[in-house]
Amino acid sequence: MECAGKGSGTRCLGPARKRCGRCGAVSYCSASHQISHWKVHREECERLEQQMKNLDLLNDFPFTFSQESTVQISEKQETRCSFLRKRGIHQVGLWVCECRCGASVTSFGNSRLESDTWNLSNILCPCRGPSSPIAKALCSWKDYYEWRCIPFQSPVSLLLHWPLTVYHSIQLAGLGSLTSEISKLCIHYLGPEKELLQLAVFGELRALFPGVFVQIELIGPAVPHHRDGAKIDLHSYAHCIEQDCDCRYKNENTSCSICHTSSAVTLQLHRGYYHERFLDISEDSHPHLVIAPNAGIAAYASWLPTIELIKEINVPAVFSDYCEEACNLAACCINAVTNQPPRLPIQLNPFRQPMVVEDSPLHLPCYSNCFLFAM
């Protein structure tokens, strides 16, 4: 935890152990830093106080491991590493970047995918197509796990928050009914980082949108130079660890098990910023939706021309971030550029990653894809 007054003039005097007595969300190294920072903090204190009251809601998940992955990691009784190690998925397969000691995006290699294996038994992961179609829109992790017949001790939600957030964003943008009327869905996905090492999980979109060809253009500066323009076709689901499971050969059949038309996902990688690459990409791929997971809009000035572009092309755009406060700051930035409030208000993402971010700069729990809003 960093001192909230760091960089305000004088050097910090030690660890940030003195919490704000009102909101409890920020800490200071000393009373002098707390006093000097008040002129800044008073603008956010009441807002953060309200957000801190939602702790139980943020930590509310249906999984058997929920306490371990939220409260215990927040209180440093557990770590991401220890959580993954207990389940035999530490630094392996799709899980390599889910802790501090794992791989970084710079490890993204020349192979088709860094990994397409869950490193879990077929009971614990969705390695094959669903046994039934979605009866009604999925609104929670409980809905999804029950539909896919996955037991609640399975940790796959720690990775599936990427495709499920895409699915939920499509519903929020009012495009859910459109997917039953079109054969191709085009999404522009901005700022991928970790996802570049977990691309196989997007194969789950085959199950979520049966009979639809899903084309995702992933655009961002984290895409390595040597993968710029790379195209990845996902005609299968990520595999389980069992060598004799029929997912090893049934997945090769691109025909969806619950419909009569083919279903596939194509990913194409583009290095650079969206406002720089849009014209090239949109020649063959005009989007139905723009999505920017964990966007950090207020932290990066490079977002401003991208926001202007999104306003100009008039396409629904959904943004997520690690906490509600980050979304508040982002919404203010977007309002300053567009002179418009968010099209959809800031709201909790039911498909946020159910593991807290370690060493958050706030005492407020942060989760990947935690809150959403749209312009």
Side-chain angles (χ1 to χ4, degrees), residues 51-75 77-80 82-89 94-95 98-99 118-172 176 194 198 201-205 207-209 237-238 240 293-294 320-324 346-358 360 364-372:
Q51 293 173 27
M52 287 292 284
K53 292 177 180 178
N54 294 327
L55 289 180
D56 290 342
L57 180 61
L58 291 180
N59 294 336
D60 184 24
F61 296 100
F63 308 112
T64 59
F65 56 79
S66 297
Q67 185 78 2
E68 186 182 352
S69 65
T70 60
V71 175
Q72 291 182 17
I73 290 180
S74 293
E75 296 179 352
Q77 299 169 8
E78 289 282 354
T79 65
R80 281 180 164 245
S82 64
F83 179 95
L84 298 171
R85 195 175 290 116
K86 287 177 183 177
R87 290 157 179 84
I89 50 177
L94 293 164
W95 308 90
E98 284 305 315
C99 62
W118 285 109
N119 286 87
L120 295 166
S121 72
N122 57 13
I123 297 173
L124 295 177
C125 64
C127 62
R128 292 163 290 190
S131 58
S132 62
I134 298 173
K136 62 178 182 177
L138 305 174
C139 297
S140 67
W141 280 121
K142 183 175 183 292
D143 288 349
Y144 171 77
Y145 267 54
E146 289 178 346
W147 169 59
R148 284 301 246 140
C149 303
I150 303 171
F152 287 103
Q153 70 264 31
S154 168
V156 292
S157 54
L158 300 183
L159 303 184
L160 286 171
H161 69 103
W162 300 121
L164 267 295
T165 294
V166 171
Y167 168 83
H168 187 60
S169 296
I170 287 169
Q171 311 304 316
L172 286 180
K194 267 188 182 182
Q198 300 170 336
V201 302
F202 287 95
E204 185 62 11
L205 293 171
L208 294 165
F209 299 109
Y237 301 98
C240 68
N294 298 324
S320 78
D321 224 313
Y322 289 97
C323 66
E324 187 175 359
I346 297 166
Q347 53 197 274
L348 189 63
N349 179 12
F351 297 109
R352 63 197 179 279
Q353 186 184 44
M355 180 181 281
V356 72
V357 174
E358 289 179 301
S360 163
L364 190 70
C366 293
Y367 294 91
S368 184
N369 287 322
C370 192
F371 282 87
L372 301 165

**Asked** Got a second to check how far S82's OG is from E68's CD, nearest 0.5 Å?
**Response** 6.5 Å
**Item:** Minimum heavy-atom distance between P354 and W141, given as atom pair plus value
**Value:** CD-NE1, 4.4 Å
**Fill in**
Between W95 and V156, the two heavy atoms sitting closest are CH2-CA, 4.1 Å
**Prompt:** If you measure from CZ on F152 to OH on Y145, what distance do you get to the nearest 0.5 Å?
**Reply:** 8.5 Å
**Item:** Backbone N/O of S66 and side chain of T70: donor-acceptor pair under 3.5 Å
**Value:** yes
**Message:** Walk me through whether C323 and C366 qualify under side-chain contact (heavy atoms from CB on, under 4.5 Å).
**Reply:** CA-CA 5 Å; C323 66; C366 293; 3.8 Å; yes
**Prompt:** Quick check: are there more than 12 heavy atoms from other residues, nucleotides or ligands sitting under 6.0 Å from NZ of K142?
**Reply:** no
**Prompt:** Quick one: NZ on K136 to CG on L138, what's the gap to the nearest 0.5 Å?
**Reply:** 9.5 Å
**Request:** State, with a plain yes or no, whether a side-chain heavy atom of L160 is found less than 4.5 Å away from one of P126.
**Result:** yes
**Request:** Apply the test side-chain contact (heavy atoms from CB on, under 4.5 Å) to residues F63 and L158: give CA-CA distance (whole Å), side-chain angles for both, the deciding distance (0.1 Å), then the verdict.
**Result:** CA-CA 11 Å; F63 308 112; L158 300 183; over 6 Å; no
**Asked** Heavy-atom distance under 4.5 Å between the side chains of I89 and P155, does that happen here?
**Response** yes
**Item:** Distance, nearest 0.5 Å, that separates CG of N369 from CG of L164
**Value:** 10.5 Å
**Fill in**
Heavy-atom closest pair (L205 atom, P163 atom, distance to 0.1 Å) is CD2-O, 3.6 Å
**Message:** Donor-acceptor pair, distance only, cut-off 3.5 Å: does the side chain of S140 make one with the backbone of D143?
**Reply:** yes
**Message:** If we ignore hydrogens and angles and just use 3.5 Å, is the side chain of W118 paired with the main-chain N or O of V201 as donor and acceptor?
**Reply:** no
**Request:** Using the side chain to side chain donor-acceptor pair (under 3.5 Å) rule, pick out the option among Y237, Y167, Y144 that qualifies with E204.
**Result:** Y144
**Request:** Indicate yes or no for a side-chain donor-acceptor contact from N349 to the backbone of L372 under 3.5 Å, with no hydrogens or angles considered.
**Result:** no
**Asked** Distance-only, no hydrogens or angles: does the S154 side chain make a donor-acceptor pair with backbone N or O of L124 under 3.5 Å?
**Response** yes
**Asked** Where is the tightest heavy-atom contact between P350 and H168, given as atom of each residue plus distance?
**Response** CD-NE2, 3.4 Å
**Request:** State, to 0.1 Å, how close Q171 and G176 come at their nearest heavy-atom pair, and which atoms those are.
**Result:** OE1-CA, 3.6 Å
**Asked** Does S368 reach the main-chain N or O of Q353 with its side chain, forming a donor-acceptor pair under 3.5 Å?
**Response** no
**Prompt:** Under the criterion side chain to side chain donor-acceptor pair (under 3.5 Å), which of N294, N59, D321 is the partner of Y367?
**Reply:** N59
**Message:** For E98 and M355: C-alpha separation, side-chain torsions, deciding distance, then whether side-chain contact (heavy atoms from CB on, under 4.5 Å) applies.
**Reply:** CA-CA 10 Å; E98 284 305 315; M355 180 181 281; 5.6 Å; no
**Prompt:** Quick one: CG on L364 to CG on L55, what's the gap to the nearest 0.5 Å?
**Reply:** 6.5 Å
**Message:** Please check if the number of heavy atoms outside L348 that lie under 6.0 Å from its CG is greater than 12.
**Reply:** yes
**Prompt:** When rounded to the nearest 0.5 angstrom, what is the spacing between CD in E324 and CZ in F371?
**Reply:** 4.5 Å
**Asked** C139 and F351: which non-hydrogen atoms are nearest, and at how many Å?
**Response** C-CZ, 3.9 Å
**Message:** Just so I know, are the side chains of Q72 and F83 near enough to count as touching, which here means a heavy-atom distance under 4.5 Å?
**Reply:** no
**Message:** For L94, is there any backbone N or O sitting under 3.5 Å from a side-chain donor or acceptor partner on Q198?
**Reply:** yes
**Asked** Do any N or O atoms from the side chain of E358 and from the backbone of R80 form a donor-acceptor pair under 3.5 angstrom?
**Response** yes
**Request:** Could you check C99 against T79 for side-chain contact (heavy atoms from CB on, under 4.5 Å), going step by step and ending with a plain yes or no?
**Result:** CA-CA 8 Å; C99 62; T79 65; over 6 Å; no
**Message:** I want to check something: taking the side chain as every heavy atom from C-beta on, are P151 and T64 in contact at a cut-off of under 4.5 Å?
**Reply:** no
